[in-house]
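The next block holds one structure in the form of structure tokens; read it before the comments.
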Amino acid sequence: MRILRHDGRFPPTATSLVHQVGKCILIIFRALCQSQHNCLVFFHAREDSTFRAMDTTPAFPSLLVVRHPLVQHKLTILRDRSTPTKIFKELVDEIAMLMAYEATSELSLEETPVETPLERGTGWRVSGKKLTLVPILRAGLGMVEGVLRLVPGARVGHIGLYRDHDTLEPVDYYFKIPGDVSEREFLILDPMLATGGSAAAAVASLKRAGASRIRFLCIVAAPEGVRRLAGSHPDVTIYCASLDRELNAQGYILPGLGDAGDRLFGTR
Ligand code: PRP
Ligand code: URA
């Protein structure tokens, strides 16, 4: 039995409960956390920022906002118009790695024997086929290496999509993913979720290929995009570092960070 508040961490499965209970002063409940231990979770409405790792928004139940201080710090530098391409690229990579830690927190485990230098013991390993990362070209490419640093065995597929400048609708030009699709977990990577057209199209093409376990990892999301993606694919958990205010008339996220692909690759 552990008291999670003292860990500075909160199980993602419990975050929705925080919103349901709203302003209660003290809540105690039991949760089955990732480590398979029964946990007692104590929290106070005014203290939740001390242990909040991910947050939910009642309007978007499938959205999780990663609140980690390092993610928020790096995101602010990423937004800054004066951040040069080299630093921008490094930050996207680092934020992707930190967010992937949260986005993989519910991967299932299986027991495995382990020989320590002293004796034979039991450990855990991630079960099933290798996780598959699917960056949406181009900007999603900037997130791949960061996630691979955490999950080096992951496979990498690619989906090529670009937004038509006039209609803002996605145009697809490439699709390549590993086999055994129905047995794999997929993590789609794209820094920007704007109208949601590209994300919804990427999920639809993975589903057409037979995928059913799909998560979407972006850095900045607009409410319009979350609404579209969650509306067409409510089974897909969406992770972002920030839910921004809105889209402008050209489909750019406000305040956003500009054109992620151009800032990553120095095209403009
Ligand atoms: C950007 C971004 C997303 C898409 C988001 O890509 O990387 O893929 O826009 O917009 P949406 O939610 O309205 O579909 P873009 O189309 O600019 O292509 P690029 O990465 O090749 O620059
Ligand atoms: N694509 C981007 O790169 N940035 C936005 O703000 C919207 C879509």
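All ligand and atom numbering here is 1-based and tracks the order in the structure. Not measured: the values here are computed from a predicted model. Residues: numbered from 1 along the sequence shown.
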At a non-hydrogen distance cut-off of under 4.0 Å, which region of A139 contacts ligand 1 (side chain, backbone, both, or neither)? both
Residue pair L75, L78: steps toward the side chain to side chain contact (heavy atoms under 4.5 Å, CB included) verdict: CA-CA 5 Å; L75 171 59; L78 196 67; 4.2 Å; yes
Assess whether a salt bridge exists between D235 and K207, defined as any Lys/Arg side-chain N lying under 4.0 Å from an Asp/Glu carboxylate O. yes
Short side-chain to backbone donor-acceptor contact, D172 and L161, under 3.5 Å: no
Are R163 and Y252 in a cation-pi setup, meaning NZ or CZ lies under 6.0 angstrom from the ring centre and within 45 degrees of the ring axis? yes
Does a side-chain N-to-carboxylate-O contact under 4.0 Å join E169 and R228? yes
Test your reading of the model: is there a side-chain donor-acceptor pair from E224 to the backbone of L247, 3.5 Å cut-off? yes
Could you tell me, for ligand 2, which of its N or O atoms are under 3.5 Å from any protein N or O, listing the pairs and their distances rounded to 0.1 Å?
from, atom 1, to, atom 2, distance (Å)
ligand 2, 3 (O), A260, N, 2.8
ligand 2, 4 (N), G258, O, 2.8
ligand 2, 6 (O), I253, N, 2.8

Give a yes or no on whether atom 6 (O) of ligand 1 lies under 4.0 Å from any heavy atom of the protein. no
Quiz question for you: does at least one protein heavy atom lie closer than 4.0 Å to atom 1 (C) of ligand 1? no
Test your reading of the model: is there a side-chain donor-acceptor pair from R268 to the backbone of R263, 3.5 Å cut-off? no
Salt bridge (Lys or Arg N to Asp or Glu O under 4.0 Å) with E94: which of K74, R149, K89? K74
Note the single closest protein heavy atom to atom 16 (O) of ligand 1, along with its residue, its atom name and the distance in Å. R163 N, 2.8 Å
